[in-house]
S.K.: 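Please find one structure pasted underneath; my questions will follow.
Letters A, B, ... mirror the listed sequences (proteins, then strands); counts begin at 1.
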Amino acid sequence: MLEILFSPETISSTVRMAVPLIFACLAGLWSERSGIVDIGLEGKMLAAAFASAAAAAYFGNAWIALIVAIAVSVSFSLVHGYAAINQRGNQVVSGVAINMLAAGLAVVLGNEWFREGGRTPQIPPEAQFAVFNLPFMSSLTGIPVVGPYLNVISGHSILVYLAFIFVALSAWALAKTRFGLRLRAVGENPHAVDTAGISVARLRYQAVIIAGILCGLAGTYLAVALQGSFVRDMSAGRGFMALAALIFANWRAWPSMWACLLFGYLQAVGLRMQGVKIADFEVPVQFINMLPYVMTVVLLAGFIGKSIPPRASGIPYSKDR
Amino acid sequence: MGARGELPPWVDVALIPALNLVLALLATSVVFLFIGENPLSALGIMLDGALGSPRGMSFMFYYATNFIFTGLCVAVAFHAGLFNIGGEGQAYFAGLGAAMVGLGLDFLPWPLLIPLSILAAALFGAAWGFVPGYLQAKRGSHIVITTIMFNFIATSLMAYLINYWFRPVGKMAVESRAIGSFDLANGDLTGAYIPSFFEIFLGAFGIRISSSPLNLTVLLAFAAAWAIWYFLWRTKIGYEIRATGLNADAAVYAGIKPDRIIMIAMAVSGGLAGLVAVNEILGTQHRLLLEYVQGAGFVGIAVALMGRNHPAGIVLAALLFGLLYQGGTSLSLAKSHINRDMVVVIQGLIILFMGALEQAFRPWLAAYFFKAEE
């Protein structure tokens, strides 16, 4: 049991599991900080996963796959943005629609193009992202005890490093830049921002597009880097888990990363515990799997700490009030 | 855009939804054209698959049974101003109640056991809706997030319970033992087994009708639709639910306690979703198994939007979605390159155009009508 909980393999798997969560969670962060609730993270991630897998199979290039995935994900974002910003529609309803549309379209189009019941062909190694080895790492792995753990931070796909760079970038942009501060203001008090002569709609569209790009990265990582193909419903609730992580992190960038690493760790342990017996007792992994959701419910209920969403999130903005 | 709520009522109730539906169907046609299929011939196959034979029609009513329950589930919450995305989890958790009573009290005669099992399903569904309602009312947790989380918790919890507690020792399939039985030869019924119309006709009267899972639960669905109409528009609590949904602050001044109403509405909503377990576990599968809800909870959102949250509209919308599901199956059988998930696409488009973009036509209609008045 202990060797599963703390082995270098589990820690390494934690990083891989956390990366799609981090991208999606940051997407949610940008969107919700501007006042647009995004239930559709799951759908955008799934659409991007399908688009990237299909493009990688067709073009044989991981970077083209990424661009296609981002384009698809952003177009879903724009639909959500149009519904939420221009039409002042219900943002939750729009998110639900996007999730369904993505889940359905991916399988319908996948079956039409590849005739494998909705899955895409295996992506050849040359169309996957190159593994990125940090310099000097190989010489350090020889150190006893610590050595194998150092290896955890090296030898991942480039997207893994990009995820952590985006955390830092988001934290900096939201806290220190004029754009980030305005964006946060629009999520708290859009009327004040409007009074200052700044366009609420423009800022919110920018936020929604950033969310689309990040979901595109999440989906591409899932299909091209992690799995090597697209299979139906492969996002498997990660978009909602990212939403849970966002709540857990109280809508902040660095805590988001830690929450995603925590949830990624639980996923990694859950995977490795499958079928493991301790003294004839099979560990029910279902309880590990439900832990992120239970923790989020408990946190939201205010039993441990308090999580407060941006004040204007989910409320359509209209000038005439 | 300032002319909100000043259009004639028939425009709001009929014209706008109709225009939105047309838009959703046009978008669906584009998807069909994109995969090289004539939308009209696809529509023809779907209509024929669902309405062209008694068997197709009974499948349509079987699907509609679930959708009436989940549509009502979403609508009751909507009337209280709440968005319950947790119908899926509530319906799943309800299976636990149905199976516990159906299996645990199987020494009881069926006239007693069946109502008890139905009650258990409703209560378990209600409990799974009540808790998020309580957390919203008393702790301020957002209902949308909590119900989403509860869907995932239900998935893991049920997987555990079915695997470790309900699965007979030595059996590979992850499911419980059979709940009740029905003897086709002489029509003998034992246990919490709700027979299908096919079984009733063959077992009791010796008449062979086309076989389908359509069972007596469909009558419960129509009864539930009427009961919810009565509940919402003819009882005090129903009035309080609608008042809270329209304006919770004003409701307080009418002596209504919104906290209490939120909890009641969520319990009723969850209980309605729980009745899906009656149709699926007691009426169709006759055992507790994994993931039997299969998205019916989410279809309920589309059904409620389309039915304008009114039980009569919901019954009609549920039948339409039943038609879509049965028609989608026929379509995927007739055209090998079209996947059954096409139905999910149509569902998504309907939610998008009838829900999120429902006001799209309003500015134009307002401009048209006010010009006509001048």
S.K.: Below 4.5 Å from any heavy atom of chain A, which atoms of B:Gln347 appear? Answer side chain, backbone, both or neither.
M.R.: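 Backbone plus side chain of B:Gln347, per the 4.5 Å heavy-atom cut-off to chain A.
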S.K.: By a 4.5 Å heavy-atom criterion (distance strictly below it), what part of B:Asn151 contacts chain A: side chain, backbone, both, or neither?
M.R.: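 It is neither, since no heavy atom gets under 4.5 Å.
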S.K.: Taking side chain as everything from C-beta outward and backbone as N, CA, C, O, which of these in A:Ile247 sits under 4.5 Å from a heavy atom of chain B? Side chain, backbone, both or neither.
M.R.: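 Contact with chain B involves the side chain of A:Ile247 alone.
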S.K.: Of the backbone (N, CA, C, O) and the side chain (C-beta and beyond), which part of A:Val37 lies under 4.5 Å from a heavy atom of chain B, both, or neither?
M.R.: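 Neither part; nothing is under 4.5 Å.
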S.K.: Relative to chain B, which segment of A:Leu105 carries a heavy atom at a distance below 4.5 Å: side chain, backbone, both, or neither?
M.R.: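 Contact with chain B: backbone and side chain both.
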S.K.: Below 4.0 angstrom, N of the basic side chain to O of the carboxylate: do B:Glu37 and B:Lys335 qualify?
M.R.: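 Salt bridge flag = yes for B:Lys335 with B:Glu37.
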S.K.: Under 4.5 Å from any heavy atom of chain A, what part of B:Phe34 do you find: side chain, backbone, both or neither?
M.R.: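 Only the side chain of B:Phe34 comes within 4.5 Å of chain A.
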S.K.: Go through B:Thr146 and A:Val297 one step at a time and tell me if the side-chain contact (heavy atoms from CB on, under 4.5 Å) criterion holds.
M.R.: CA-CA 6 Å; B:Thr146 322; A:Val297 168; 4.3 Å; yes
S.K.: Need one label for B:Ser336: side chain, backbone, both or neither, based on atoms under 4.5 Å from any heavy atom in chain A.
M.R.: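 Only the backbone of B:Ser336 comes within 4.5 Å of chain A.
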S.K.: Which region of B:Leu135, side chain (C-beta onward) or backbone (N, CA, C, O), has a non-hydrogen atom less than 4.5 Å from a non-hydrogen atom of chain A, or is it both or neither?
M.R.: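 Interface part for B:Leu135: side chain.
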S.K.: How are the rings of A:His191 and A:Tyr317 set relative to one another: parallel (under 30°), tilted (30 to 60°) or perpendicular (over 60°)?
M.R.: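 Correct class here is perpendicular.
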S.K.: Give, as side chain, backbone, both or neither, the part of A:Ile39 having an atom under 4.5 angstrom from any heavy atom of chain B.
M.R.: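 Interface part for A:Ile39: side chain.
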S.K.: Name the region of B:Ile153, side chain, backbone, both or neither, that has any atom closer than 4.5 Å to a heavy atom of chain A.
M.R.: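 B:Ile153 touches chain A through backbone and side-chain heavy atoms alike.
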S.K.: Just how far is it from atom CG of B:Leu23 to atom OG1 of B:Thr28, taken to the nearest 0.5 Å?
M.R.: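 Output value for this atom pair is 10.0 Å.
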S.K.: Name the orientation class of the two ring planes belonging to A:Phe230 and A:Phe50 (parallel below 30°, tilted from 30 to 60°, perpendicular beyond 60°).
M.R.: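 A:Phe230 and A:Phe50: perpendicular rings.
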S.K.: Taking B:Arg362 first and then B:Glu358, would you say they form a salt bridge - that is, a charged N and a carboxylate O separated by under 4.0 Å?
M.R.: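 No, no charged N to carboxylate O under 4.0 Å.
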S.K.: Apply ring pair (Phe, Tyr, Trp, His ring centres under 6.0 Å) to residues B:Phe150 and B:Phe93 and explain how you reach the verdict.
M.R.: CA-CA 10 Å; B:Phe150 265 61; B:Phe93 189 67; 8.9 Å; no
